[in-house]
Structure formats: C-alpha cells, structure tokens
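This is a predicted model, so every value here is computed, not measured. Order of the sequence lines fixes the chain letters, A, B, ..., with proteins taken first and strands second; residue numbering starts at 1 for each chain.
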Number of protein chains: 2
Amino acid sequence: MHHAFQNGYGTDMARPRTFDEDRALDAAMRAFWANGYEATSTQDLCEATGLGRSSIYNTFTSKHDLFRRALTRYIEIMSAPQAEILEDAGRSGMERIQALFARIVNSEYEYREDDEASIGCLTVNTVVELARRDPEAAALVERDLGTRLGLLRIALEAGQRDGTITAERDTDALARFINATIGGMRVSAQAGAGRAALESIADTALVALRP
Amino acid sequence: MHHAFQNGYGTDMARPRTFDEDRALDAAMRAFWANGYEATSTQDLCEATGLGRSSIYNTFTSKHDLFRRALTRYIEIMSAPQAEILEDAGRSGMERIQALFARIVNSEYEYREDDEASIGCLTVNTVVELARRDPEAAALVERDLGTRLGLLRIALEAGQRDGTITAERDTDALARFINATIGGMRVSAQAGAGRAALESIADTALVALRP
DNA sequence: CAGGTTTTGTACTGACCCATCCAATACTTG
DNA sequence: CAAGTATTGGATGGGTCAGTACAAAACCTG
C-alpha cells in the first residue's frame with residue numbers, strides 16, 4: 001500500500017487536485033482575518049475558498065488546524081517585508097522605524113474592502129479574541145512577538161549608533177513601545193481612524209525616540 | 001390590565017425576583033469581557049450569572065441585548081474614574097496623563113483571575129471582535145471614543161497652559177496618540193506583557209508629550 | 001386566605017455547528 | 001485500456017446554538 005503523500009508529487013498519483021492549496025489557504029486566512037475565528041463557520045470557509053467540505057477537511061484536517069496554518073502564513077507574509085525594512089542598512093535607525101510605521105498605515109488600506117472599516121491585523125485580532133483560550137495560537141503570536149521585538153531592537157541599536165535614536169532608554173523598552181504603538185494604531189484603525197489620524201499617531205510616537 | 005413595569009416597584013407586584021439585576025449584569029459583563037461575544041454561549045451566561053434561561057430572557061430579551069447593556073455598563077464604570085483623573089484641576093496636565101496610565105496598568109491586574117492572562121479591555125475587545133459587523137456595538141464604542149478623546153484634550157490643554165505638555169502639537173493629535181498608546185498597552189497585556197513592560201511603554205509614551 | 005400576576009425551572013424548537021461517511025468521479029500508472 | 005488511488009460532492013450525524021412555551025411556584029394585595 002502506497003502512502004498518501006498528501007499530493008506531494010513523486011509517488012504514483014491518482015486524481016489530482018483541482019485547486020491550489022496556497023490560494024485556498026490565502027482565502028481562508030482572509031476570512032479569519034476579516035471575521036475572526038468563532039464567527040467564521042466551516043461553511044464560510046467553503047464559500048471563501050470555493051472548495052467543498054471534503055476538500056477542506058481532506059487538506060486541512062480541521063477548522064482549528066486550518067486556522068493555525070492561516071495564522072502561520074499571515075505571520076510569514078507580514079514578517080518578511082518588515083524584516084527587510086528594519087534591517088535595511090541603507091537607512092538610519094530612525095528612518096527604518098518611520099518606514100515601518102508607513103508600511104503599517106498602508107497595510108490598513110491595502111487589505112480592505114472598499115469603504116468598509118479596516119480588518120486590522122490578524123495577529124492582534126488573534127491575541128484579543130483567542131490567545132487566552134487557545135495555547136497553540138498564543139504560542140504562535142508569542143513567537144512572532146519575539147521575532148518582531150528582535151527586529152525592532154536591531155533597528156533601534158543601529159539608530160543609537162548613528163545618532164538618530166535616543167540612547168537614554170534601552171532598546172528593549174523602546175522596542176516594546178513601538179510594538180505597542182503599532183497595536184494601538186491597529187485598534188484605532190478598526191475603531192474608524194483614517195489615514196491622517198494614523199499618520200499623526202505614528203509621527204507623535206517618533207518624538208519619543210528622538211535623541 | 002396592569003402593565004409589567006419590569007419589577008419597577010410602585011405597582012401591584014406578584015412574585016419578586018430572587019436576584020439582583022445589576023449583579024447579574026456585572027456577571028454577564030465579566031463573561032463577555034473574558035471570553036468575547038461569540039465564545040460566550042447563553043448557557044455560559046446562565047452559569048456566570050447563576051440565573052436560569054427564563055430569568056435571563058425575561059430580564060434581558062436576548063443575548064445581543066444583554067451584551068449591549070453589558071458594554072454600556074462597562075463604559076459607564078470605566079469612564080467615571082478616568083474623567084475624574086483627567087479633569088482633576090489639582091494636578092498638572094502631565095500628571096493627569098501619568099495618573100491615567102497608572103490606572104490603566106493597575107486595571108490590567110484588578111480584573112484578572114489569578115495567574116491567568118489579562119482579559120484586556122472590553123471596549124478594545126469589542127472593537128476588534130465585533131465592531132465591523134455589529135453597528136450597535138460600533139456606535140457604543142465610537143461614542144465612548146469621542147468622550148475619551150474629549151477628556152484627554154481637556155487634560156492636554158491644561159498641560160499646555162501650565163507648561164507640562166508640549167505646545168508644538170495640537171491636542172487633538174496628542175489625544176489620539178495617547179488613546180492609541182492605551183490600546184497598545186491593552187493588546188500588549190493580553191499578549192503577555194507584565195507590569196514592568198506596561199509601565200515602560202507608558203513612560204516612553206510620556207516622552208512624546210514633553211514640552 | 002383567595003385572586004391575580006410575575007418569576008422560575010424544564011422541556012422543547014428549529015437552525016446551525018463541526019466533522020465524517022460514502023459513492024461517484026477523474027486522474028496516473030502499468 | 002484496466003487497475004488502483006486520491007479527490008470530490010452530497011448526504012448524514014451528533015451536538016450545541018439562541019430563543020420559546022408552559023406549567024408550577026412564589027409572592028403581593030385585598
């Protein structure tokens with residue numbers, strides 16, 4: 001008996017899938033992101049992905065597992081460009097933080113249905129809705145928090161060296177402050193803040209980083 | 001035929017309630033606060049309040065209506081002491097903001113089951129989980145946001161007059177910044193930040209307000 | 001204590017929940 | 001083209017959801 005290989009080519013295949021697993025995962029991620037875990041039913045996931053129940057359960061074993069993968073993917077997608085910004089040796093420390101904030105503001109508009117309210121950030125949404133009672137989700141976001149704080153520290157240390165970031169506070173505290181500011185911007189966006197308001201928040205936060 | 005008066009004494013009564021409506025509302029508020037709207041079932045509400053289904057539906061007509069009242073009550077309970085702090089003429093503008101932050105930090109520990117993670121802030125939780133698809137909830141938190149921004153502006157204007165708050169930025173922007181910082185602290189707390197981390201975030205934010 | 005009225009517990013409703021089962025389908029390999 | 005295998009759609013299952021119906025209980029008023 002041959003193993004399943006869950007469509008991992010290289011074994012004798014039978015009927016191939018008619019959908020792209022990554023695209024389906026993206027669609028599911030969007031659904032969870034926009035509506036939250038509890039409010040997204042498996043039926044919703046079928047409609048969002050265009051798949052039937054069998055295909056979903058055959059591919060992603062359970063709603064919870066699908067969410068875990070969706071959250072993992074979200075974190076991957078979002079982390080990479082942020083890392084690029086924060087580790088960009090071509091910019092000063094302060095410029096990196098500024099660029100990060102700009103990206104956060106833009107992201108609130110990139111992933112939004114027209115004239116709907118912002119859907120915020122899946123990580124923040126997960127912390128608020130789920131982290132207390134879902135240890136797996138909590139572990140994922142905690143891990144993500146750790147890496148983001150690390151990246152922030154890298155940029156902040158660069159800023160302290162090049163003189164664009166205050167050296168009066170340790171980078172750990174500053175990193176947590178920036179992270180909290182981003183969370184606050186995300187919540188503000190979901191509460192209806194417009195682009196100007198978000199930019200103003202970011203701009204004000206930068207004052208605290210000045211030397 | 002006499003009207004119901006929903007146990008509003010003053011009419012001929014029949015069987016009186018064996019529970020206190022306010023206490024029940026408090027218990028329901030706690031349940032929603034800790035677990036969110038979707039994840040709190042009517043059964044959970046029965047257990048949290050100690051009431052039977054009949055009593056709950058007789059008193060609060062529906063889960064959604066009970067949530068609306070719980071959120072309203074939460075906002076009432078939290079607003080009053082914050083207003084007192086922000087309008088306290090005995091303190092400088094900066095001191096008022098400092099005191100507000102201190103209160104936020106403390107509140108993350110007052111309402112927490114022992115060694116459990118923080119349950120955050122019902123307003124923030126509602127914005128994130130519900131505001132996009134529940135217009136009533138959105139209206140309540142938006143209204144609350146308006147009054148809080150107003151109170152913050154009062155303190156900030158006082159601070160600009162007494163010289164403890166920078167006059168380089170208008171109070172509207174500063175108020176939004178502080179509000180976002182509070183939201184960020186709330187999310188950070190739910191993500192596992194301890195007291196020291198929260199105090200550090202608040203302390204760093206204050207730097208941006210200095211003249 | 002009797003009449004009237006509200007509360008309360010229990011059983012119940014119909015809808016939806018997540019997940020599984022199974023037969024029909026469609027493809028690859030030999 | 002035949003054999004074998006994975007995917008797919010649709011039906012199905014047990015459980016929980018919010019909310020209701022109803023009768024028994026509990027109390028006030030007169």
Side-chain angles (χ1 to χ4, degrees), chain A residues 1-25 27-28 31-32 35-70 130 133-134 136, chain B residues 1-25 27-28 31-32 35-70 129-130 133-134 136-137:
Chain A
M1 169 210 169
H2 296 270
H3 289 100
F5 273 91
Q6 51 183 16
N7 204 17
Y9 296 73
T11 179
D12 48 12
M13 297 203 340
R15 178 174 178 177
R17 287 189 178 148
T18 59
F19 65 92
D20 183 285
E21 184 168 327
D22 283 341
R23 293 184 72 84
L25 185 54
F32 283 128
N35 304 318
Y37 179 78
E38 301 287 351
T40 304
S41 70
T42 53
Q43 182 61 32
D44 293 334
L45 292 167
C46 289
E47 285 159 21
T49 58
L51 306 187
R53 310 182 80 68
S54 296
S55 299
I56 288 199
Y57 278 91
N58 186 29
T59 315
F60 307 104
T61 66
S62 74
K63 177 184 174 181
H64 186 266
D65 225 59
L66 175 51
F67 178 78
R68 198 180 46 70
R69 287 193 57 182
L130 225 54
R133 62 201 145 83
D134 184 337
E136 273 191 277
Chain B
M1 170 208 167
H2 294 271
H3 290 100
F5 271 91
Q6 51 185 15
N7 204 16
Y9 296 72
T11 179
D12 49 12
M13 298 204 338
R15 180 174 176 176
R17 285 188 178 149
T18 59
F19 65 92
D20 183 285
E21 185 167 329
D22 283 341
R23 294 184 72 84
L25 185 54
F32 283 128
N35 305 317
Y37 179 77
E38 300 287 351
T40 303
S41 70
T42 53
Q43 183 60 33
D44 293 335
L45 291 166
C46 289
E47 284 159 21
T49 58
L51 306 187
R53 308 181 81 68
S54 296
S55 299
I56 287 198
Y57 278 92
N58 187 28
T59 314
F60 306 104
T61 65
S62 74
K63 177 184 174 182
H64 186 266
D65 225 60
L66 175 51
F67 179 78
R68 199 181 46 71
R69 287 193 56 183
E129 187 197 352
L130 225 53
R133 61 199 146 84
D134 183 337
E136 272 192 277

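The shortest side-chain heavy-atom distance between B:Leu130 and B:Phe67 falls under the 4.5 Å cut-off. Between B:Glu129 and B:Phe32, the closest side-chain pair of non-hydrogen atoms is not below 4.5 Å. Side-chain contact between A:Leu66 and A:Leu25 is present, with heavy atoms from C-beta onward closer than 4.5 Å.
Within residues 40-56 of chain B, the residues that have a heavy atom under 4.0 Å from DNA chain C are, in order of number, B:Gly52, B:Arg53, B:Ser54, B:Ser55.
Computed from coordinates, the A:Phe60 CZ to C:dT20 P distance equals 16 Å when rounded to whole Å. In this structure, CZ of B:Arg17 is placed 15 Å from P of D:dC28, rounded to the nearest angstrom. Going from atom CG of B:Asn58 over to atom C1' of C:dT5 covers 12 Å, rounded to whole Å. The nearest whole Å value for the distance from the NE2 atom in B:His64 to the C1' atom in D:dC17 is 16 Å. Between the NZ atom of A:Lys63 and the C1' atom of D:dT16 there is a distance of 13 Å, rounded to whole Å. Counting to the nearest Å, the P atom of D:dT16 and the CD atom of B:Glu38 are 18 Å from each other.
Geometrically, B:Lys63 does not engage B:Tyr57 in a cation-pi contact, judged by NZ or CZ lying under 6.0 Å from the ring centre and within 45° of the ring axis.
The base of C:dT25 sits with one of its N or O atoms less than 3.5 Å from a complementary donor or acceptor on the side chain of A:Arg15.
Under the rule for a side-chain hydrogen bond (donor to acceptor under 3.5 Å, both in side chains), the partners of B:Asp134 that lie at least two apart in sequence or sit in another chain are B:His64. Every side chain to side chain contact (heavy atoms under 4.5 Å, CB included) that A:Ser41 has, sequence neighbours left out, goes to A:Gln43, A:Asp44. Taking the salt bridge (Lys or Arg N to Asp or Glu O under 4.0 Å) definition, one finds that B:Glu136 meets it with B:Arg68, sequence neighbours left out. Remark: B:Thr42 engages B:Arg53 in a side-chain hydrogen bond (donor to acceptor under 3.5 Å, both in side chains) (not counting sequence neighbours). Under the side-chain hydrogen bond (donor to acceptor under 3.5 Å, both in side chains) criterion, A:Arg133 pairs with A:Glu38, not counting sequence neighbours. Residues passing the side chain to side chain contact (heavy atoms under 4.5 Å, CB included) test with B:Thr61 are B:Asp65, sequence neighbours excluded.
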Identify the pairs formed between an N or O of the protein and an N or O of nucleotides 13-15 of chain D at a distance under 3.5 Å, and give each distance.
none

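Over its length, the helix from C:dC1-D:dG30 to C:dG30-D:dC1 turns its helix axis by 10°, as judged from the five terminal pairs at each end, rounded to 10°.
Using a 4.0 Å heavy-atom criterion, one finds that B:Phe19 contacts the sugar-phosphate atoms exclusively.
Without hydrogens or angle criteria, B:Thr40 side chain to B:Gly36 main chain gives a donor-acceptor distance under 3.5 Å.
Two residues, B:Tyr57 and B:Thr18, neighbour DNA chain D, and the one matched to the more 5' nucleotide by heavy-atom proximity is B:Tyr57.
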